[in-house]
Amino acid sequence: MRRAALLICLLLASTSILAARSLQSYTANYRLLFNGEHVGNARFSLQLTPDNRYSFEALTRPAGKMIADGARHEVLEASSGVLRNGTPVPEHYYTAVRSGDSTDMLELFYDWQNMTLTRKGDNGQQKAALGNNSQDRLSYLLKAMKLAGDHRNSAQFPLLTSAGARQLRMRKTNRRYIDTAAGRLLAQELELSYGIESPDRNLWLSVDHNYLPVLLEQKKDKGIVRMELTRILTRSQ
């Protein structure tokens, strides 16, 4: 009985170690579809350092139908922080939406020691309480990558947006092969929802590529938004 308990403890410990190491640097391209029509392209780049710091960036540009309709905006997002046991602890988030000659910017500064969040944007600066384990619109993907690769079935935390904080819940569902523009990939599916609401987003992460995101689908009032992997440009070995 004692031996069995020891084996279980060793198994859980090794699983935690593998999960902590599952995040790897990568750069990948994605395409954005709305109701099946090509509307944009995105490039995501995750850089990790030996001292467990991360820098995660995403650049989205209009394409296809959006360009035909005259859209000229692009969105740059960046999140940076430290990884603790494989879990992202963000320190700074930046987003800039450029449309024509104007740019709207927003920055989030995390003060974990005092549990305060500073928002700095075009309308000035505000401070608010910082909830435990809060994540931004990029760092939450690192949380999803870690969840997909470890023994847990779900995770819940505040997600910070320009409108404020909402409680995001991620839950593991199926692991299956899916077809993307980058080929057929074995992926772990996560359901994403706010609080007790029904899931409105589904995220798939590649099992064979250290759980990098390969597909995100979100239901909108007028249809379905789909972000799909097209090519992995670089990846740590």
Peer 1: Verify whether one side chain among R31 and N41 offers a donor that lies under 3.5 Å from an acceptor in the other.
Peer 2: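 The criterion, which ignores hydrogens and geometry beyond distance, is not satisfied for N41 and R31.
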
Peer 1: State plainly whether one hydrophobic cluster holds both M105 and L59, where clusters connect Ile, Leu, Val, Met, Phe, Trp and Tyr through side-chain heavy atoms under 4.5 angstrom apart.
Peer 2: yes

Peer 1: Closer than 3.5 angstrom, by distance alone: can the side chain of D200 be matched with the main-chain N or O of Y194 as a donor-acceptor pair?
Peer 2: no

Peer 1: Evaluate the side-chain proximity of E91 to V82: yes if any heavy-atom separation is below 4.5 Å, no if none is.
Peer 2: yes

Peer 1: If you define the side chain from C-beta out and look only at heavy atoms, does anything of E189 sit under 4.5 Å from N202?
Peer 2: yes

Peer 1: At their closest point, which heavy atom of G164 faces which heavy atom of R119, and how far apart are they?
Peer 2: CA-NH2, 3.4 Å

Peer 1: Verify, without hydrogens or angle tests, whether S206 (side chain) and L212 (backbone) share a donor-acceptor contact under 3.5 angstrom.
Peer 2: no

Peer 1: For R201, does the CZ atom sit with more than 12 other heavy atoms under 6.0 Å from it, leaving out its own atoms?
Peer 2: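 Enclosed.
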
Peer 1: With distance as the sole test, does Q135 use its side chain to make a donor-acceptor pair with the main-chain N or O of P88 at under 3.5 Å?
Peer 2: yes

Peer 1: Please answer: with hydrophobic residues joined when any side-chain heavy atoms are less than 4.5 Å apart, are V39 and L33 in the same cluster?
Peer 2: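 No; L33 is not reachable from V39 via cluster members.
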
Peer 1: Nearest 0.5 Å, please: how far is CZ in R137 from OH in Y93?
Peer 2: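 One finds 5.0 Å between OH of Y93 and CZ of R137.
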
Peer 1: Taking the side chain as every heavy atom from C-beta outward, state whether L168 and Y140 have any atom pair closer than 4.5 Å.
Peer 2: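 They are in side-chain contact.
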
Peer 1: For the CZ atom of R169 and the CD atom of Q156, what is their distance to the nearest 0.5 Å?
Peer 2: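 These two atoms lie 6.5 Å from each other.
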
Peer 1: Which pair of heavy atoms, one from L205 and one from M145, lies closest together, and at what distance?
Peer 2: CD2-CG, 3.6 Å

Peer 1: Going by heavy atoms in the side chains, are N153 and R171 under 4.5 Å from each other?
Peer 2: no

Peer 1: For S79 and Y54, does a side-chain donor sit closer than 3.5 Å to a side-chain acceptor?
Peer 2: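 Note: S79 and Y54 side chains meet the donor-acceptor criterion.
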
Peer 1: Could you check if a side-chain atom of E57 sits within less than 4.5 angstrom of a side-chain atom of L138, using non-hydrogen atoms only?
Peer 2: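 The answer is no; the side chains never approach within 4.5 Å.
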
Peer 1: Please step through side-chain contact (heavy atoms from CB on, under 4.5 Å) for the pair R166 and T161, ending with a clear verdict.
Peer 2: CA-CA 8 Å; R166 298 184 69 184; T161 68; 5.6 Å; no

Peer 1: Side-chain contact, heavy-atom cut-off 4.5 Å: W204 with R176?
Peer 2: yes

Peer 1: Which pair of heavy atoms, one from L23 and one from G86, lies closest together, and at what distance?
Peer 2: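 Between these two residues, the closest heavy atoms are CD1-O, 3.7 Å.
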
Peer 1: Between L185 and T180, is any pair of side-chain heavy atoms under 4.5 Å apart?
Peer 2: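 L185 reaches T180 side chain to side chain.
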
Peer 1: Hey, any chance L160 and F157 share a hydrophobic cluster, counting ILVMFWY side chains that come within less than 4.5 Å of each other, even indirectly?
Peer 2: no

Peer 1: Nearest 0.5 Å please: distance from the CG atom of L48 over to the CZ atom of R53.
Peer 2: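 Nearest 0.5 Å value for the CG-CZ distance: 11.5 Å.
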
Peer 1: Do the rings of F44 and Y30 sit parallel, tilted or perpendicular, given the 30° and 60° boundaries?
Peer 2: perpendicular

Peer 1: Has R84 got more than 12 heavy atoms of other residues, nucleotides or ligands less than 6.0 Å from its CZ?
Peer 2: no

Peer 1: Less than 3.5 Å apart, any donor N or O on the side chain of T49 or D51 sitting next to an acceptor on the other?
Peer 2: yes

Peer 1: If you look at every heavy atom in P90 and S139, which pair is closest and at what distance?
Peer 2: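 Nearest heavy atoms, P90 then S139: CG-OG, 4.0 Å.
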
Peer 1: Does K146 form a side-chain contact (heavy atoms from CB on, under 4.5 Å) with Y211? I'd like the steps, not just the answer.
Peer 2: CA-CA 8 Å; K146 185 176 188 301; Y211 299 101; over 6 Å; no

Peer 1: More than 12 heavy atoms of other residues, nucleotides or ligands under 6.0 Å from CG of D179: is that the case?
Peer 2: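 Yes, because the 6.0 Å sphere around CG of D179 holds more than 12 heavy atoms from other groups.
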
Peer 1: Going by atom types only, do D136 and Y110 share a side-chain donor-acceptor pair under 3.5 Å?
Peer 2: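 There is such a pair between these side chains.
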
Peer 1: Would you say T173 and E191 are linked by a side-chain donor-acceptor pair, where the criterion is simply a distance under 3.5 Å?
Peer 2: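 No donor-acceptor contact under 3.5 Å links the two side chains.
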
Peer 1: Does any part of the side chain of L233, heavy atoms only, come nearer than 4.5 Å to the side chain of R43, both counted from C-beta?
Peer 2: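 The answer is yes, as the side chains (C-beta and beyond) meet within the 4.5 Å cut-off.
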
Peer 1: First locate atom CG of L190, then atom NZ of K143, and finally report the distance between them rounded to the nearest 0.5 Å.
Peer 2: 12.0 Å

Peer 1: For the pair V75 and T95, evaluate side-chain contact (heavy atoms from CB on, under 4.5 Å) and give the outcome as yes or no after the intermediate values.
Peer 2: CA-CA 7 Å; V75 181; T95 182; 4.0 Å; yes

Peer 1: Where do H38 and G40 come nearest, in terms of heavy atoms and distance?
Peer 2: NE2-O, 3.2 Å

Peer 1: Are V89 and L159 in one and the same hydrophobic cluster, where Ile, Leu, Val, Met, Phe, Trp and Tyr link if side-chain heavy atoms are under 4.5 Å apart?
Peer 2: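 Cluster IDs for V89 and L159 differ.
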
Peer 1: So, does D150 use its side chain to make a donor-acceptor pair with the main chain of R152 at under 3.5 Å?
Peer 2: yes

Peer 1: What distance do R175 atom CZ and Q188 atom CD have between them, rounded to the nearest 0.5 Å?
Peer 2: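 The CZ atom of R175 sits 5.0 Å away from the CD atom of Q188.
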
Peer 1: I'd like to know whether CZ of R231 has more than 12 heavy-atom contacts from other residues, nucleotides or ligands below 6.0 angstrom.
Peer 2: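 No, the 6.0 Å shell around CZ holds no more than 12 heavy atoms from other groups.
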
Peer 1: What are the two closest non-hydrogen atoms of L203 and L192, and how far apart are they?
Peer 2: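 Residues L203 and L192, closest heavy atoms: CB-CD1, 4.0 Å.
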
Peer 1: Can you tell me how far apart NE2 (H92) and OG1 (T118) are? Round to the nearest 0.5 Å.
Peer 2: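 Here the rounded value is 10.5 Å.
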
Peer 1: Hey, any chance F56 and V97 share a hydrophobic cluster, counting ILVMFWY side chains that come within less than 4.5 Å of each other, even indirectly?
Peer 2: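 Result: no, two separate clusters.
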
Peer 1: Determine whether more than 12 heavy atoms belonging to other residues, nucleotides or ligands lie under 6.0 Å from atom NZ of K172.
Peer 2: yes

